[in-house]
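Encoded as structure tokens, the structure appears first; notes follow it.
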Amino acid sequence: MIGAGRAGLLHAQNASRWVPGAELACLVDADASVAQRAGAELGVAAFASIEDALEGASFDGVVITTPTFTHAQIAVLAAGAGKHVFCEKPMALSVQECDEMAAAAEDAGVVFQLGFVRRFQSEFVEARRRIEAGGIGRPMVVKSLTRGPGLPPPWAHDLRRSNGMLAEVNSHDFDCVRWLVGSEIERVYAETANFKGEAHGVSTPDFYDNAVVTLRFESGALGTIDGTCPADYGYDARVEILGSEGLLVIGENRSAPLLEIRTRAVGKIPTYSTWPQRFEWAYREELQSFVDAALSGGTPAVGAADGRAAVAAVVAANRSWLESRPVSVASEVPV
Ligand SMILES: NC(=O)c1ccc[n+]([C@@H]2O[C@H](COP(=O)([O-])OP(=O)(O)OC[C@H]3O[C@@H](n4cnc5c(N)ncnc54)[C@H](O)[C@@H]3O)[C@@H](O)[C@H]2O)c1
């Protein structure tokens with residue numbers, strides 16, 4: 001486990017308790033006090049760097065849960081040492097970095113899986129199955145949103161180290177709409193806003209906490225993605241897919257004609273509070289899938305090409321907002 005922060009601890013606990021075939025061998029965190037605390041809590045050796053872990057411990061794979069700007073370097077190093085790689089989303093900061101990571105895994109013949117957890121959540125999987133079976137006809141319009149309750153860690157406020165909230169929060173949406181519609185995202189237009197940054201003491205340049213992106217797919221389908229973090233009322237992930245023959249809605253609507261959810265309505269919130277709660281079993285399933293692929297030499301359910309496609313769309317969306325114009329996703333991909 002490389003990175004013992006929010007995502008790292010969740011995956012470490014899942015690997016220890018819920019994933020047959022997996023054994024948590026050791027963990028790494030660049031912050032010595034975090035590493036020691038987490039190592040003691042989980043009963044494994046803790047190291048300050050992946051280089052130290054490669055030297056001091058025996059393991060078959062890594063789960064990378066460090067900040068986005070470190071993913072490429074760690075993944076290339078791990079794959080080069082023959083370790084299977086599970087990398088949290090977003091795969092990296094640029095398409096170029098994604099290509100280096102994919103090439104390193106391919107050259108080493110190791111499994112590379114991306115942490116797009118929604119691909120393992122039952123209602124998302126079932127929606128994809130129904131769309132593929134033709135139940136709602138040809139997808140015409142997709143709407144996907146994610147709202148998180150609190151600010152992500154400080155590194156994620158900085159566009160240059162995280163690609164902003166479109167990457168940190170909405171990477172899942174970019175991957176999901178592409179997967180559900182069954183087509184690549186061709187063009188994006190993004191608007192962002194910063195409503196709560198100042199109240200949370202965030203003064204990082206280019207910080208935004210709300211974003212709306214309009215999408216056009218290669219298939220001709222249209223879509224929107226929106227993200228808000230912090231939304232404060234809870235964790236909310238919903239998708240609507242309108243096809244030529246019907247509609248699919250993923251997520252809670254409680255059959256209510258009008259729904260109001262107030263911030264801090266403790267005990268009465270008709271939605272989830274946090275992402276570990278919303279996708280509890282899917283986090284376990286995705287690790288199980290990684291371990292199974294590593295043990296069998298199989299192809300992971302979500303791979304480097306999926307991670308790269310989401311990064312290309314996020315980079316294009318940030319450019320669209322910064323330059324106030326629609327941007328072709330292909331223009332962000334090196335030829
Ligand atoms: N799939 C999901 O739902 C989900 C949820 C949360 C976070 N994430 C992703 O997980 C990653 C980490 O996010 P987080 O919120 O856990 O961050 P975090 O800041 O809480 O934790 C990151 C940890 O990595 C450590 N670290 C930093 N650089 C390191 C390095 N070079 N080597 C080893 N350790 C290092 C830090 O000390 C910190 O403890 C991000 O890519 C994020 O997008 C995914």
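Counting starts at 1 for both ligands and their atoms, in listed order. Note that the structure is a prediction, hence the values are computed from the model and not measured. As a basis for the values below, the full set of heavy atoms in this structure was taken, side chains included, without hydrogen atoms, waters or symmetry mates.
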Report task. Work out whether the distance between some heavy atom of Pro90 and some atom of ligand 1 is less than 4.0 Å. Result -> yes
How far apart are the C-alpha atoms of Leu42 and Gln13, what are their side-chain angles, what is the distance that settles it, and do they pass the side-chain contact (heavy atoms from CB on, under 4.5 Å) test? CA-CA 8 Å; Leu42 292 153; Gln13 279 152 5; 4.1 Å; yes
heavy-atom search around atom 16 (O) of ligand 1 in the protein gives Ala7 N, 2.8 Å
Can we say Glu126 and Arg129 salt-bridge, meaning some charged N sits less than 4.0 Å from an Asp/Glu carboxylate O?
-> yes
Atom 36 (C) of ligand 1: of Asp31, Asp29, Thr65, Asn163, the nearest heavy atom sits on Asp29
message = Other residues, nucleotides and ligands only: do more than 12 of their heavy atoms fall within 6.0 Å of NZ on Lys196?
response = yes
Among non-hydrogen protein atoms, atom 27 (C) of ligand 1 lies closest to Pro67 CD, 3.3 Å
Counting from 1 in the order shown, the ligand 1 atoms closer than 4.0 Å to a non-hydrogen atom of Gly115 are 1 (N)
shortest atom 21 (O) of ligand 1-to-protein heavy-atom contact is with Gly5 CA, 3.2 Å
Original post:
Quick one: does Phe279 get within less than 4.0 Å of ligand 1, heavy atoms only?
Top reply: no
message: For Trp321 and Tyr208, I'd like to know if the aromatic rings sit close, meaning centre-to-centre distance below 6.0 Å.
response: yes
Closest to atom 43 (O) of ligand 1 among protein heavy atoms sits Glu168 OE1, 2.8 Å
Atom 15 (O) of ligand 1: closest protein heavy atom, distance to 0.1 Å, is Arg6 NE, 2.7 Å
among protein heavy atoms, the one nearest atom 32 (N) of ligand 1 is Thr66 CG2, 3.9 Å
Quiz prompt | Test: Asp175 and Arg119 ion pair at under 4.0 Å | solution = yes
Check your understanding: Does His71 reach the main-chain N or O of Pro90 with its side chain, forming a donor-acceptor pair under 3.5 Å?
Key -> yes
Any heavy atom of Pro153 under 4.0 Å from ligand 1? The part involved is side chain
Closest to atom 34 (N) of ligand 1 among protein heavy atoms sits Ala30 N, 3.1 Å
Nearest heavy atom to atom 9 (C) of ligand 1, choosing from His71, His11, Lys89, belongs to Lys89
For atom 1 (N) of ligand 1, the closest protein heavy atom turns out to be Glu88 OE1, 3.0 Å
Cluster overlap Phe120 with Phe112, hydrophobic side-chain contacts below 4.5 Å = yes
A student checking ligand 1 against Gly3 at a 4.0 Å heavy-atom cut-off should list atoms 24 (O)
Out of curiosity, is Tyr283 lining ligand 1, as in a heavy atom under 4.0 Å away?
-> yes
### N-O pairing of Asp173 and Arg118 below 4.0 Å
yes
Single-linkage hydrophobic cluster, 4.5 Å side-chain cutoff, Trp275 and Leu9 together: no
Presence of salt bridge, Glu184 and Arg308, under 4.0 angstrom: no
*Would you say Asp226's side chain and Leu145's backbone share a donor-acceptor pair under 3.5 angstrom?*
no
Checking heavy atoms under 4.0 Å, the part of Phe116 that sits near ligand 1 is neither
For Thr68, the atoms of ligand 1 under 4.0 Å from one of its heavy atoms are 41 (O)
*asked:* With a 3.5 Å distance limit and no angle check, can you tell me whether Glu286 reaches the backbone of Gln113 through a side-chain donor-acceptor pair?
replied: no
**Message:** Would Gln73 count as a contact residue for ligand 1, given that I'm defining contact as a non-hydrogen atom of the residue lying under 4.0 Å from a ligand atom?
**Reply:** no
